[in-house]
Amino acid sequence: MPELPEVETMRRGILPILGSRIENVVQPPCKLRPILMEPKIRSFAKKTIGRQIVRVGRRGKRVMIELEDANTIVIEPRMTGLVLLADPPGWDHLRLQFDLQDGETEQLLFWDRRGLGTIRLLTPAQIRSTIDARLGIDALDIEADQLREKLGRSRREIKVALLDQSAVAGIGNLYAAEILFLAGVDPRCRCDRLTGPQWIRIHHHISEVLQDAIAHEGSTLSDGTYRNALNDPGGYQNCHRVYDREGKPCPRCHDGVIRRIVQTQRSTFFCPVCQRKSGLHASIPPNPRSQR
DNA sequence: CATATGTCCTGAGAGC
DNA sequence: TGCTCTCAGGACATAT
């Protein structure tokens, strides 16, 4: 789950670690395969213990914890990873524990049920070669013309392209569906066939949906996995208009029924009435919610 | 059995 | 032909 809004919620939730010093790094007794970390725990601990945390940032779906020596702990929650200050959902899937001192909080925990998440300690040069080189502009920072410049010539379907982290960083499967619904754009439409107004609407709803989701502290889906840094669920799942709502009436037109299709092996949800192929139909008003 | 939010890699095919 | 783009599929691991 963690897409940009969930990772941003985690980032904000762990801000109390700012200024703390890392006292110890331990892998709790957990019989599962150890978390993928670079370097391995021994060396990782040696390079981080005693260092002060000077910045807590985010790049796309990654949490970036910068230390005083400019090295950065990069946490990638992937499917089920959580970053918490205390009280994880269960102790059996706790993967890494940071003990902290001289700050407002005593621990930083990484919990991950599936264990696909990663934790890396990167030098500024490694940040440049791995993060900067691989990730596009953050979805909250990208301008409309940059978005079109990045994707406008692609022959890919727009829903597929929005998931490409090297184009725009932070949008995942759930929010791509919500964004295209509000923009009134068919998720199957090729990028190079989208019109100027459609690009404007997509850009507008990228920031609108993501900001809105952050305000609700992200989406906790039916499996209940996602939690904020205090192990509380998010609230944006109650605002979903199309995601995981196959067969339900469209919340905008009430005529269409939400459909589920598969694009590049992942589910896409949309309203076949509100979201039709470009150019052939009248455009949808950019912000239907403000109409009343 | 199929389903699930993310990412990384390889290999194959399409199209300019 | 060569280059670039794109996608399928597998891998990671676990639960419903």
Side-chain angles (χ1 to χ4, degrees), chain A residues 1-10 30-38 58-63 74-83 88-96 110-120 122 129-131 133-136 138-139 150-179 187-193 209-210 213 216-228 233-234 236-237 239-240 242-247 260-269:
Chain A
M1 34 203 69
E3 304 182 22
L4 186 150
E6 290 75 27
V7 177
E8 175 63 16
T9 302
M10 291 177 196
C30 145
K31 18 202 173 297
L32 311 167
R33 157 186 161 280
I35 189 68
L36 177 57
M37 56 190 301
E38 272 177 32
R58 181 188 56 75
R59 287 288 303 270
K61 303 171 189 172
R62 294 145 166 87
V63 176
V74 180
I75 303 180
E76 246 185 86
R78 302 234 179 143
M79 302 285 269
T80 53
L82 297 180
V83 179
W91 295 99
D92 42 345
H93 297 293
L94 186 62
R95 308 282 177 158
L96 199 64
F110 184 68
W111 180 95
D112 189 353
R113 180 160 51 73
R114 284 174 68 176
L116 302 179
T118 69
I119 298 185
R120 287 173 296 166
L122 300 183
S129 64
T130 66
I131 308 288
R134 283 185 148 105
L135 290 188
D138 196 87
K150 276 278 186 185
L151 297 178
R153 270 167 263 101
S154 171
R155 285 184 299 273
R156 283 179 295 182
E157 297 172 328
I158 179 62
K159 152 67 163 40
V160 175
L162 285 179
L163 297 184
D164 179 354
Q165 302 300 298
S166 70
V168 187
I171 300 170
N173 202 47
L174 188 167
Y175 292 105
E178 296 294 318
I179 288 162
R188 298 163 297 186
C189 189
R190 279 170 50 157
C191 290
D192 59 0
R193 305 238 171 101
V209 166
L210 297 180
H216 287 81
E217 301 205 293
S219 301
T220 297
L221 303 185
S222 50
D223 72 357
T225 300
Y226 167 71
R227 303 280 161 168
N228 68 15
Y236 194 69
Q237 63 279 5
C239 307
H240 294 173
V242 291
Y243 181 77
D244 203 19
R245 296 179 61 82
E246 182 182 18
R260 173 186 176 271
I261 59 173
V262 174
Q263 292 176 287
T264 62
Q265 302 158 294
R266 330 191 51 186
S267 295
T268 299
F269 299 90

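Basis for what follows: all heavy atoms, side chains included, without hydrogens, waters or symmetry-related copies. Naming: A, B, ... by sequence-line order, numbering from 1 per chain.
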Output the rounded distance in Å from [atom1] ([X]) to [atom2] ([N]).
X        : N      : atom1 : atom2 : value
A/Leu221 : C/dT16 : CG    : P     : 15 Å
A/Arg62  : B/dC8  : CZ    : C1'   : 10 Å
A/Arg266 : B/dT3  : CZ    : C1'   : 13 Å
A/Arg114 : B/dT5  : CZ    : P     : 9 Å
A/Ile119 : B/dT7  : CD1   : P     : 16 Å
A/Ile131 : B/dG6  : CD1   : C1'   : 14 Å
A/Asp223 : B/dG6  : CG    : P     : 13 Å
A/Leu116 : C/dC12 : CG    : C1'   : 5 Å

Checklist entry - Does a nitrogen or oxygen in the side chain of A/Tyr243 sit under 4.0 Å from OP1 or OP2 of B/dT5? => result yes

Checklist entry - Looking at A/Thr80, does any N or O in its side chain come under 4.0 Å of the phosphate oxygens OP1/OP2 on C/dT14? => result no

Could you grab the distance from atom [atom1] of [X] to atom [atom2] of [Y], nearest 0.5 Å is fine?
X        : Y        : atom1 : atom2 : answer
A/Arg113 : A/Arg95  : CZ    : CZ    : 10.0 Å
A/Leu96  : A/Ile75  : CG    : CD1   : 8.0 Å
A/Leu94  : A/Leu82  : CG    : CG    : 10.5 Å
A/Arg153 : A/Lys150 : CZ    : NZ    : 10.5 Å

Checklist entry - In chain order, what residues pass the salt bridge (charged side-chain N to carboxylate O under 4.0 Å, His left out) check against A/Arg58, with sequence neighbours excluded? => result A/Glu8, A/Asp138

What integer number of Å spans the [atom1] atoms of [N] and [M]?
N     : M      : atom1 : value
C/dT6 : B/dT5  : C1'   : 23 Å
B/dC1 : C/dG10 : P     : 14 Å
B/dT3 : C/dA8  : P     : 15 Å

Scan nucleotides 9-13 of chain B against the protein and return all N/O pairs shorter than 3.5 Å with their distances rounded to 0.1 Å.
unit_1: B/dC9; atom_1: OP2; unit_2: A/Arg134; atom_2: NH2; d: 3.0

Checklist entry - Quick one: which of B/dT5, B/dT7, C/dT14 gets closest to the side chain of A/Thr225? => result B/dT5

Checklist outcome for this item: When A/Arg153 and A/Gln265 are each assigned the nearest nucleotide of DNA chain C, the 5'-most assignment goes to A/Arg153

Checklist entry - For A/Arg59 and A/Arg134, what are the C-alpha separation, side-chain angles and deciding distance, and is it a side chain to side chain contact (heavy atoms under 4.5 Å, CB included)? => result CA-CA 11 Å; A/Arg59 287 288 303 270; A/Arg134 283 185 148 105; over 6 Å; no

Item to check | Residue pair A/Leu221, A/Leu174: steps toward the side chain to side chain contact (heavy atoms under 4.5 Å, CB included) verdict | outcome: CA-CA 10 Å; A/Leu221 303 185; A/Leu174 188 167; 3.7 Å; yes

Checklist entry - Between the side chains of A/Tyr175 and A/Glu6, is a donor N or O closer than 3.5 angstrom to an acceptor N or O? => result yes

Next on the checklist: Is there a side chain to side chain contact (heavy atoms under 4.5 Å, CB included) between A/Phe269 and A/Asn173? Walk through the geometry before answering.
Outcome noted: CA-CA 10 Å; A/Phe269 299 90; A/Asn173 202 47; 5.6 Å; no

Item to check | Residues touching DNA chain C, which here means a heavy atom under 4.0 Å, drawn from residues 154-165 of chain A | outcome: A/Ser154, A/Arg155, A/Arg156, A/Val160

Checklist entry - What nucleic acid atoms does A/Glu76 come within less than 4.0 Å of, heavy atoms only: base, sugar-phosphate, or nothing? => result sugar-phosphate

Next on the checklist: Using a heavy-atom cut-off of 4.0 Å across all strands, would you classify A/Arg260 as base, sugar-phosphate, or nothing?
Outcome noted: sugar-phosphate

Checklist entry - Residues two or more places apart in sequence or in another chain: which of them pass side chain to side chain contact (heavy atoms under 4.5 Å, CB included) with A/Leu116? => result A/Arg78, A/Met79, A/Arg114

Next on the checklist: Just to verify, what does A/Glu157 make a side chain to side chain contact (heavy atoms under 4.5 Å, CB included) with, not counting sequence neighbours?
Outcome noted: A/Val160, A/Arg188, A/Gln263

Checklist outcome for this item: Pairing string of DNA chain C (Watson-Crick or G-U wobble, both atom distances under 3.5 Å; | = paired to other strand) is .|||||||||||.|||

Next on the checklist: If I compare all heavy atoms of A/Leu4 with all of A/Ala139, which pair ends up nearest, and what's the gap?
Outcome noted: CD1-CB, 4.0 Å

